[in-house]
Amino acid sequence: MPEPLTPAPPTTRPPTPGPLAPEALLALDRQHVWHPYGPMPGRQDPLVVASASGVRLRLAAPAEGRSELVDGMSSWWSAIHGYRHPVLDEAAREQLDRMSHVMFGGLTHEPAVRLATRLVEITPEPLQHVFLADSGSVSVEVALKMCLQYWRSLGRPEKHRLLTWRGGYHGDTWQPMAVCDPDGGMHHLWSGVLPRQIFADSPPPGFDAAPDPAYAAHLHELIGRHAHELAAVVVEPVVQGAGGMAFHSPAYLRVLREACDAHDVLLVFDEIATGFGRSGTLFAAGHADVSPDVMCVGKALTGGYLTLAAALCTSRVAEGISRGEVPVLAHGPTFMGNPLAAAVACASVDLLLGQDWAQEVKRIETGLREGLAEAAGLPGVRDVRVLGAIGVVQLDHPVDMAAATRAAVRAGVWLRPFRDLIYTMPPYVTGDEDVARICAAVRASAQEG
Ligand SMILES: *Cc1c(COP(=O)(O)O)cnc(C)c1O
């Protein structure tokens, strides 16, 4: 069919003003731009990043004498391959030449289908169906909606509550906030407004610690007692991230699986932080060989390039929902399945699995263990822990965030401490010297913060 004649669209962009000088940029930032967990206007000027490549962030203006920082944060767990990776850049460019986006209602496309298939292949076997969401929090919303709707469809609408353990973090939208830690977390402001969910005690700390039978009994008892009203148990497996950077024994995941099976409750694993190798196994559930009914992934899914997450579920859950009175999952974000993000995610997963990623994570783990060991002797340090490519120094007092960040920057490293924690989860491509540099910065940060 010949293309109809239409006026040629404009192909040039109106001239834009030249680049903003860093001071001017910061003035406008202060005036207009919210930053994460920040007041308005912001109290501390952020650093202006002009570009990034490999594991280095380039600053628009030097800070503490540094114009380049080694990234110790992987942009909040996401940039596992570092910045401007040629393979991911190429995947984005190729997809850009086809289409950046197209709606997902009534249409589909290769990047989304390939990504969903790939996720089904690499996650535990019973997970067969994939809902692509536009952020981690939304994928948790969808996961929880799946669970509630499953029971509603089966004629058991009274099973609509959620159980989790304390110390968790699942995102900042409404349902996820309700299962974040109710006390120490960022959302205690909303207690009394949020739906009241059921909280077990925090899992006893220590990845290698022998599982505590009393705690296992506590989980069993609480799940049993509330089973009649419980849709699901939702937890972060093995590593609790933004709730406190705590590690626990994988044995508790088996306890949850047993208790959920015994009492007819669904089990949701939020692997948004832990997914794609961070804790040493591809997914943290792999430490326990436990398979959830629903699982969320996000953060590192696109290698930190674009916002994308997914909720995966079993056929039992999908079929349950689809046999119900409302036999559809009523959720459909505008940017669902975004082709650009999905294409980069496919490339990122292939890039990860195409190398000996476990060896790289192990290498970083060894570097972090060596480099952080001596932090254990510093005054004010309560605990030092490392698991996979995650290193944590916990203080015995709240960190002075400005001083701690400054100390890290002075050491040439980007860190973002919070509460009583100075921690790092570097990109997997971080070389040994840079890992050592990050460790030195964590120590300096712990001393000054
Ligand atoms: C970051 C995070 C989320 C929220 O993801 P966003 O993409 O920030 O919405 C949810 N769960 C866990 C475990 C996370 O670490």
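Index from 1, following the sequence. First listed ligand is number 1; within each ligand, the first listed atom is number 1. In what follows, every heavy atom counts, from backbone to side chain, and hydrogens, waters and symmetry copies are set aside.
- Residue-ligand proximity, D270 to ligand 1, at heavy-atom distances under 4.0 Å covers atoms 10 (C), 11 (N), 12 (C), 13 (C).
- To the nearest 0.5 Å, atom OG of residue S139 and atom NE2 of residue H331 are 9.5 Å apart.
- Ring geometry for H101 against F335 counts as tilted: the plane angle lies between 30° and 60°, on a 0 to 90° scale.
- Closest to atom 5 (O) of ligand 1 among all protein heavy atoms lies G136 CA, 3.2 Å.
- A donor-acceptor contact closer than 3.5 angstrom links the side chains of T173 and E141.
- Side-chain contact, T274 with E271: a donor N or O sits under 3.5 Å from an acceptor N or O.
- Using a 4.5 Å heavy-atom cutoff, the side chains of Y150 and L266 are in contact.
- Ligand-side atoms of ligand 1 in range of S135: 7 (O), 9 (O), range being under 4.0 angstrom from any heavy atom.
- Side-chain contact, S51 with R84: no donor N or O sits under 3.5 Å from an acceptor N or O.
- Per-residue contacts place G171 under 4.0 angstrom from the following atoms of ligand 1 (heavy atoms of the residue considered): 4 (C), 10 (C).
- For ligand 1, the atoms sitting less than 4.0 Å from at least one non-hydrogen atom of H170 are 10 (C), 11 (N), numbered in the order shown with element in parentheses.
- The closest protein non-hydrogen atom to atom 8 (O) of ligand 1 is S137 OG, 4.4 Å.
- Summary of contacts: the protein heavy atom closest to atom 1 (C) of ligand 1 is K299 NZ, 1.5 Å.
- The parts of Y169 lying near ligand 1 are both backbone and side chain, judged by heavy-atom distances below 4.0 Å.
- Side chains of H160 and W151 form no contact here, defined as non-hydrogen atoms less than 4.5 Å apart.
- Of all atoms in ligand 1, numbered sequentially from 1 with element shown, those under 4.0 Å from a heavy atom of E236 are 13 (C).
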